[in-house]
Amino acid sequence: MNKQDVALKEFVLKIQDWFRYLLSKWFVFLIAGTVGIALGYFYAASQKPIYTATTTFVLEAGDQSGGMGQYAGMAALVGIDLGGKSDGIFQGDNLLELYKSRKMIEAALLFPSMSDTSKLLIDSYLQINKARDLWKEKSPDLLKVDFKRKQNSLLGRSRDSIIQRVVSDINKNNLTVGKLDKKLSIIKVDVKSPNEVFSKEFNEAIVDQVNSFYIKTKTKKSLDNIDILQHKTDSVRAVMNGSISVAASIVDATPNLNPTRQAQRLIPTQRSQFSAETNKAILGQLVQNLEMSKMALMKEAPLIQVVDNPIFPLQRTALSRIIGGAIGGILFVVLGFVALIFTKLFKDLFKEAE
């Protein structure tokens, strides 16, 4: 018998020895499996279900140039910049990151709860996580924090610290934003929490806050231009109306004017008429540019169309007690197996040492 056959025989005997050893410890596997099944079952039973509120919407960015190219020259005559084509600040994944920003999440947390208008959504979040119960034991001063208003420097610092912590937790554990497909413009916003009402209300609040901010920011430049044009239009109209009134007042003030003193009526009247005609021409251009700007704003405004809103009952996710027991049983059997392996290895090492 050569060395290879001896080595193979020893290997087979070793495997048989290990098999008999593990088989003799069947009661260890039985106890470990039973304990694991019981613990897994009770763990699954103790876990609160997670409710997921989902909103999907379609985003169309609108005309980036706003159709303003043909009107830019005319608007420049009155010193108005109607803007041009721009890459925008919310292209691609930037909108998704906006949902995760501290400003947007904080604004949503400070929305009043629809189910209880006496408290804010952040109050509901703290109640779900039993934060105030911990404050009673460790930091009673935090109970004085009022999220509805700014407070003195010390409480204000505590207020901002709590909000910052909640925003970070929501980003990590509760809020998920993404696209259903990279090729599509359908955006999906998920909010998960153990409280069904909070999931729905926070989902609606964050979507409303971000979409409103998005539209307002995208159209801010055009709205500012419209405000400037409207102000100039009103000013020119007021000057024109004043000139017409002055001309009429001069005629009324000289009803029986001496024919040899026509200058008293003619010069002021013509001066007022000239001013009125000049402002009339300017007013016509301003009104035209104002209406063009309003039409351009309508084209530039992005379209956000909600496809699905979260409705009760929300999607409920909970660990099945059967699955929990099975996972626990398998895990404890594996741990028992590993423990037996190491125990036998140590025993064998001690025997060889002796």
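Note that the structure is a prediction, hence the values are computed from the model and not measured.
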Any side-chain heavy-atom pair of [X] and [Y] under 4.5 Å:
| X | Y | answer |
| --- | --- | --- |
| R132 | D123 | yes |
| M292 | M295 | no |
| N241 | R237 | yes |
| W135 | L126 | yes |
| K100 | L96 | no |
| I128 | P194 | yes |
| V189 | L175 | yes |
| I105 | I206 | yes |

Would the distance check show the side chain of [X] and the main-chain N or O of [Y] forming a donor-acceptor pair, the cut-off being under 3.5 Å?
| X | Y | result |
| --- | --- | --- |
| S101 | L98 | yes |
| D146 | K148 | yes |
| T34 | L30 | yes |
| N279 | S275 | yes |

For [X], I'd like to know if atom [atom1] has over 12 heavy atoms of other residues, nucleotides or ligands within 6.0 Å.
| X | atom1 | value |
| --- | --- | --- |
| Q47 | CD | yes |
| I311 | CD1 | no |
| Y125 | OH | yes |
| F57 | CZ | yes |
| L134 | CG | yes |
| F312 | CZ | yes |
| F337 | CZ | no |
| F27 | CZ | yes |

Do the side chains of [X] and [Y] join up, straight or via other hydrophobic residues, at under 4.5 Å, putting them in one cluster?
| X | Y | result |
| --- | --- | --- |
| V35 | I322 | no |
| I163 | L143 | yes |
| V177 | V306 | yes |
| I323 | I330 | no |
| F42 | I37 | no |

Restricting to non-hydrogen atoms, name the atom on [X] and the atom on [Y] that form the minimum distance, rounded to 0.1 Å.
| X | Y | value |
| --- | --- | --- |
| F332 | A32 | CB-O, 3.1 Å |
| V333 | G33 | CG2-CA, 3.7 Å |
| N195 | S193 | O-OG, 2.8 Å |
| A44 | S320 | CB-O, 3.7 Å |
| E196 | P313 | OE2-CA, 3.3 Å |
| V197 | S115 | CG1-OG, 3.6 Å |

Gap between atom [atom2] of [Y] and atom [atom1] of [X] - 0.5 Å precision:
| X | Y | atom1 | atom2 | value |
| --- | --- | --- | --- | --- |
| L286 | S293 | CG | OG | 10.0 Å |
| Y43 | L319 | OH | CG | 7.5 Å |
| K220 | S222 | NZ | OG | 11.0 Å |
| E201 | F111 | CD | CZ | 11.5 Å |
| I50 | N173 | CD1 | CG | 9.5 Å |
| M114 | L121 | CE | CG | 10.0 Å |

Could you walk me through whether L109 and L120 pass the side chain to side chain contact (heavy atoms under 4.5 Å, CB included) check? CA-CA 7 Å; L109 286 170; L120 306 177; over 6 Å; no
So is K200 actually on top of Y51's ring, under 6.0 Å and inside 45° of the axis?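 Ring-cation test returns no.
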K347/T343 under side chain to side chain contact (heavy atoms under 4.5 Å, CB included): CA gap, chis, key distance, verdict: CA-CA 6 Å; K347 287 182 178 180; T343 300; 3.9 Å; yes
Assess the residue pair S139 and D141 against the criterion (side-chain hydrogen bond (donor to acceptor under 3.5 Å, both in side chains)); give the C-alpha distance rounded to whole Å, side-chain angles, the decisive distance to 0.1 Å, and a yes or no. CA-CA 5 Å; S139 304; D141 291 339; over 6 Å; no
Test salt bridge (charged side-chain N to carboxylate O under 4.0 Å, His left out) applied to D308 and K188, step by step: CA-CA 9 Å; D308 288 318; K188 180 182 179 182; over 6 Å; no
Run the salt-bridge test on D190 and K192 with the 4.0 Å N-O cut-off and return the result as yes or no.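 A salt bridge is absent here (no side-chain N lies under 4.0 Å from a carboxylate O).
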Can you confirm whether the side chains of N211 and Y99 place a donor and an acceptor under 3.5 Å from each other?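 Indeed, the side chains of N211 and Y99 share at least one donor-acceptor pair under 3.5 Å.
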Do T54 and Q315 have side-chain N/O donor and acceptor atoms under 3.5 Å apart?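 There is no such pair between these side chains.
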With D234 as reference, evaluate Q230, K232, H231 under the side chain to side chain contact (heavy atoms under 4.5 Å, CB included) test and give the passing residue.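 The single option meeting the side chain to side chain contact (heavy atoms under 4.5 Å, CB included) with D234 is Q230.
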Evaluate the side chain to side chain contact (heavy atoms under 4.5 Å, CB included) criterion for residues I162 and F147: first the C-alpha distance (whole Å), next the side-chain angles of each, then the deciding distance (0.1 Å), finally the verdict. CA-CA 10 Å; I162 294 170; F147 296 100; 3.7 Å; yes
Evaluate E277 against K280 for side chain to side chain contact (heavy atoms under 4.5 Å, CB included), listing each step before the verdict. CA-CA 5 Å; E277 290 295 330; K280 180 181 178 181; 4.2 Å; yes
Please collect all side-chain hydrogen bond (donor to acceptor under 3.5 Å, both in side chains) contacts where either partner lies in residues 17-30, sequence neighbours excluded, each pair once.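 Residue pairs with at least one partner in residues 17-30: D17-K344.
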Test N203 against every option in N309, N174, T55 by the side chain to side chain donor-acceptor pair (under 3.5 Å) rule and name the one that passes.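 So, applying the side chain to side chain donor-acceptor pair (under 3.5 Å) to N203 and each of N309, N174, T55, only T55 qualifies.
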